[in-house]
Every structure is written in structure tokens, then in C-alpha cells.
Engineer: 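Handing you a structure now.
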Amino acid sequence: SSGINAEYGDFHNSEAGGPDKRSPTKAVPGSLLSSVIDVEYIPLAVDLCHWVAEQTDACLEIEQFISCMQDGIILCKLVNAISKLRCERFAEPFKLVHFRENIGNSVFFARINIETFIRWSKSFGVVDTCTVSDLVDLKDVMQALG
């Protein structure tokens, strides 16, 4: 099984004893997890990071988890992973959610990716969603993690 090293934030494969073969998710330079949320919520963020990494086959560093979400790429990958599982379970056709992956430091495309995630979340039944600014501008990280 795969795990995340909380001290160093690196992803490793504990069964194979070697590095994880999954593609890394680029961490956009930004705030570290421990600097944007209260210490009491770090276990929640760690669990969420594990779950997102498991669902998306992404290599995520815990300390850079918030930064990884700021461009919306990992969130859109999560949308496609959940949608695919749901379609398989209910024998429905799978419709890929399109998003921009190679956005560099473009805040414009980051906002579009996050808006795509929020619209999908609402269509999936999530009532209390975050806003684009909660993630891109780190206005309310706790709302984004919720």
C-alpha cells in the first residue's frame, strides 16, 4: 500500500520499497499547509491528501497540498476519477470533464479549473462549496477543505 511520509511529505510505495511510479503533481509555489490552517485541522488535511492521492493516482506532498489545489488541476482530476467510478457503479456513460493541465502560473486558467470543480460539485449534490477565491487567493482554506 502507498503512504505519505508526514515528516518529509514525500510519497512512497511501502510494498515495493521504492519510489512511487505515479506522476507527480506540480506544487505551485505558495503557502505551506501548516501556515494556512490551524494545527488542529492538519490531521483532516492529511487524511484528505491521502484520499485525493489515492483517487487520482497523484503524488502529493502534504505540506504542499494546498498549493497543489490552488491551480485546480488535482481537483479536476478528482472530478474525473469520482465521475468514472460513479458511471461504472451505475452503468452510465462516462463523460470526461475537460480542464487545463499545463497552465504554468496562469491565475486565469487556475480560476477556470476551480470553477469547473465547483460547478461539478454542485451538480453532484454538494450544497456548501468553496469559492474560487477561497483557493486561488487563500481567502478561506478551511471552507475549501470542507
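For the single chain, residues carry numbers from 1 onward in sequence order.
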Engineer: Provide the closest heavy-atom pair for Ile114 versus Val132 in the form atom of the first, atom of the second, distance.
Structural biologist: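 Smallest interatomic distance, heavy atoms only, reads CG2-CA, 3.9 Å.
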Engineer: Count the heavy atoms of every other residue, nucleotide or ligand shown that sit under 6.0 Å from CG of Asn102, and state whether that count exceeds 12.
Structural biologist: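 Atom CG in Asn102 is not packed in, count stays at 12 or less.
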Engineer: Side-chain heavy atoms under 4.5 angstrom apart, residues restricted to Ile, Leu, Val, Met, Phe, Trp, Tyr: same cluster for Met69 and Met142?
Structural biologist: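 In one cluster: yes.
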Engineer: With sequence neighbours left out, which residue pairs that include part of residues 137-146 fulfil the salt bridge (charged side-chain N to carboxylate O under 4.0 Å, His left out) condition?
Structural biologist: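 Passing the test, one end in residues 137-146: Arg111-Asp137.
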Engineer: I want to check something: taking the side chain as every heavy atom from C-beta on, are Leu85 and Ile82 in contact at a cut-off of under 4.5 Å?
Structural biologist: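 With C-beta onward as the side chain, the pair stays apart.
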Engineer: Spell out, as yes or no, whether a donor-acceptor pair under 3.5 Å connects the side chain of Gln70 to the backbone of Val136.
Structural biologist: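 Between the backbone of Val136 and the side chain of Gln70 there is a qualifying donor-acceptor contact (under 3.5 Å).
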Engineer: I'd like to check the ring pair (Phe, Tyr, Trp, His ring centres under 6.0 Å) partners of Phe124; sequence neighbours left out, ordered by chain and number.
Structural biologist: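 With sequence neighbours excluded, Phe124 shows a ring pair (Phe, Tyr, Trp, His ring centres under 6.0 Å) to Trp120, given in chain and number order.
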Engineer: With sequence neighbours excluded, tell me which residues meet side chain to side chain donor-acceptor pair (under 3.5 Å) with Asp128.
Structural biologist: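 Listed in chain order: Gln143.
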Engineer: Looking at residues at least two apart in the chain, or sitting in another chain, which of them share a side chain to side chain contact (heavy atoms under 4.5 Å, CB included) with Ile112?
Structural biologist: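 Ile112: side chain to side chain contact (heavy atoms under 4.5 Å, CB included) contacts with Phe108, Phe109, Thr116.
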Engineer: Indicate yes or no: at least one non-hydrogen side-chain atom of Trp51 is less than 4.5 angstrom from one of Val46.
Structural biologist: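 Trp51 vs Val46: side chains apart.
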Engineer: Decide whether Leu138 and Val39 are clustered together by the hydrophobic rule: side chain heavy atoms of Ile, Leu, Val, Met, Phe, Trp, Tyr closer than 4.5 Å, transitively.
Structural biologist: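 Yes, it is one cluster - the side chains of Leu138 and Val39 are joined through contacts under 4.5 Å.
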Engineer: Which pair of heavy atoms, one from Leu135 and one from Cys130, lies closest together, and at what distance?
Structural biologist: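 Heavy atoms of Leu135 and Cys130 come nearest at CD1-SG, 4.3 Å.
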Engineer: Show your reasoning for whether side chain to side chain contact (heavy atoms under 4.5 Å, CB included) applies to Glu63 and Phe65.
Structural biologist: CA-CA 6 Å; Glu63 272 298 321; Phe65 183 51; over 6 Å; no
Engineer: Working to the nearest 0.5 angstrom, can you tell me the gap between Phe117 CZ and Ile73 CD1?
Structural biologist: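 Phe117 atom CZ to Ile73 atom CD1 measures 14.0 Å (nearest 0.5 Å).
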Engineer: Got a sec, which residues hit side chain to side chain contact (heavy atoms under 4.5 Å, CB included) with Thr129, two or more places apart in sequence or on another chain?
Structural biologist: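 By the side chain to side chain contact (heavy atoms under 4.5 Å, CB included) rule, Thr129 matches Ile118, Ser121, Lys122, Val126.
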Engineer: Side chains of Leu145 and Ile66: closer than 4.5 Å at any heavy-atom pair?
Structural biologist: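 Leu145 reaches Ile66 side chain to side chain.
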Engineer: Indicate yes or no: at least one non-hydrogen side-chain atom of Val141 is less than 4.5 angstrom from one of Asp134.
Structural biologist: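 They are not in side-chain contact.
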Engineer: Would you mind reporting whether Lys77 and Glu101 have side-chain heavy atoms less than 4.5 Å apart?
Structural biologist: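 Yes - at least one pair of side-chain heavy atoms lies under 4.5 Å apart.
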Engineer: If the condition is side chain to side chain contact (heavy atoms under 4.5 Å, CB included), which residues does Phe94 pass it with, not counting sequence neighbours?
Structural biologist: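 Phe94 satisfies side chain to side chain contact (heavy atoms under 4.5 Å, CB included) with Asn80, Ser83, Lys84, Cys87, Leu96 only.
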